[in-house]
Amino acid sequence: MTRPVQRPNRPFFSSGPCAKRPGWAPSVLAGAWIGRSHRAAGGKARLGEVIDRSRAILGIPSDYRIGIVPASDTGAVEMALWSLLGARGVDMLAWESFGKGWVTDVTKQLKLGDVRVLEADYGDLPDLSQVDPARDVVFTWNGTTSGVCVPDGNWIAADREGLTICDATSAAFAMDLPWDRLDAVTWSWQKVLGGEGAHGMLVLSPRAVERLESYTPAWPLPKIFRLTKGGRLNEGIFKGETINTPSMLCVEDAIDSLKWAEEIGGLPTLVARSRANLSAVTSWVNRTPWVEFLARDAASRSSTSICLKITDTGPLSGDDAAAAPKKMAALLDKERIAYDIGGYRDAPPGLRIWGGATVDSTDMALLPPWLEWAHAEICGVGLRAN
Ligand SMILES: Cc1ncc(COP(=O)(O)O)c(C=O)c1O
């Protein structure tokens, strides 16, 4: 196995924080609203700009609220869980680490009584037809740690009585989201558009707002989770009046990423860029005997968090075989070919390559020869005497 010559232009394949957009430079932050109150007109306008541009690009209906909230995607999901759940029974879907984390929250922290957990192992989806439209449902659109996503929203009833709460952080801006089937949706800036961690986005449907205004959870809510004031929705949050102080540097960066998304053609182009990344990996996986997607069904295979398992480690076995993907990732990191592509700590040993919209498919297409090389180096197979 000879060492490849051509290197990816940008070795950034981390699943979060993800690659900055092509052409990004720190100078895009030069005009940031810093050293000033975020509640002054200019600061509020910038926060509002993030909301408006996000709505336009994602095609979010005008009667849905969009808020910027604390603590990245986790903050946004927690806010939704703690504020909305408890009014009726809930179906929790989990098929990888993040979904399992939300299950823990609901069963061990909120201690809700009427919870059904519909689980699947890494690589599969639970049986979506089991979801009861009379109940709330909590799910992750794209399971970042297994590379398995729901294929669409057709399994969600249009006339459901329950609410759908969807962690879409590694799907938004790379996959089509059916807004009419979703009631609370979250993401963070650090994922598909390559922004910064810190703040979360929370989208609420009119039905979610109705729940907030008609139901008060039995548990106390800390200030940073509170979406209502005197029983009414705190509308200010959805106009850029954040609950607490945001980073205006992160806000400026988010605006830059949204402008880039618009310039290249909006959501269809973002989705196409991510699909092209998956295609570049798929054609290689299909012709390579020692690697497989962790996602078993092609219809639910993620185009953003592309998770691979190594099925042949040559002479290595046991712990050595299990350690091989990590070593391959470390080697490619050291060579500055691909940063941060080791599988997630709780996932089965493997590789996870980010294929979101900020990654160029020309770079993705250059990875396979290097993966072959790293596999040969670490597993001691396919080595050719020169
Ligand atoms: C599906 C999913 N949910 C939640 C999170 C946590 O996101 P954050 O660190 O932005 O809060 C991540 C991060 O990778 C994720 O992939």
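First listed ligand is number 1; within each ligand, the first listed atom is number 1.
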Student: State, to 0.1 Å, how close A324 and C379 come at their nearest heavy-atom pair, and which atoms those are.
Tutor: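 Shortest heavy-atom separation between A324 and C379 comes out as CB-SG, 4.1 Å.
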Student: Hey, could you give me each pair passing side-chain hydrogen bond (donor to acceptor under 3.5 Å, both in side chains) that has a residue in residues 327-345? Not counting sequence neighbours.
Tutor: R3-E335
Student: Please check if the side chain of H375 supplies one atom and the backbone of D312 the other of a donor-acceptor pair under 3.5 Å.
Tutor: yes
Student: Do the side-chain N and O atoms of D320 and T313 include a donor-acceptor pair separated by under 3.5 angstrom?
Tutor: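 Distance-only check fails for D320 and T313.
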Student: Quick one: ligand 1 N/O to protein N/O pairs below 3.5 Å?
Tutor:
from, atom 1, to, atom 2, distance (Å)
ligand 1, 3 (N), D73, OD2, 3.3
ligand 1, 3 (N), D167, OD2, 2.6
ligand 1, 10 (O), S72, OG, 2.5
ligand 1, 10 (O), D73, N, 3.3
ligand 1, 10 (O), S188, OG, 3.4
ligand 1, 10 (O), Q190, NE2, 2.8
ligand 1, 11 (O), D73, N, 3.3
ligand 1, 11 (O), T74, N, 2.8
ligand 1, 11 (O), T74, OG1, 2.5
ligand 1, 14 (O), K191, NZ, 2.7
ligand 1, 16 (O), T144, OG1, 2.4

Student: Under the salt bridge (Lys or Arg N to Asp or Glu O under 4.0 Å) test, which residues partner R207, sequence neighbours left out?
Tutor: D183
Student: Do any pairs count as a side-chain hydrogen bond (donor to acceptor under 3.5 Å, both in side chains) and have a residue in residues 256-272, sequence neighbours left out, and if so which ones?
Tutor: R21-D256, R53-E262
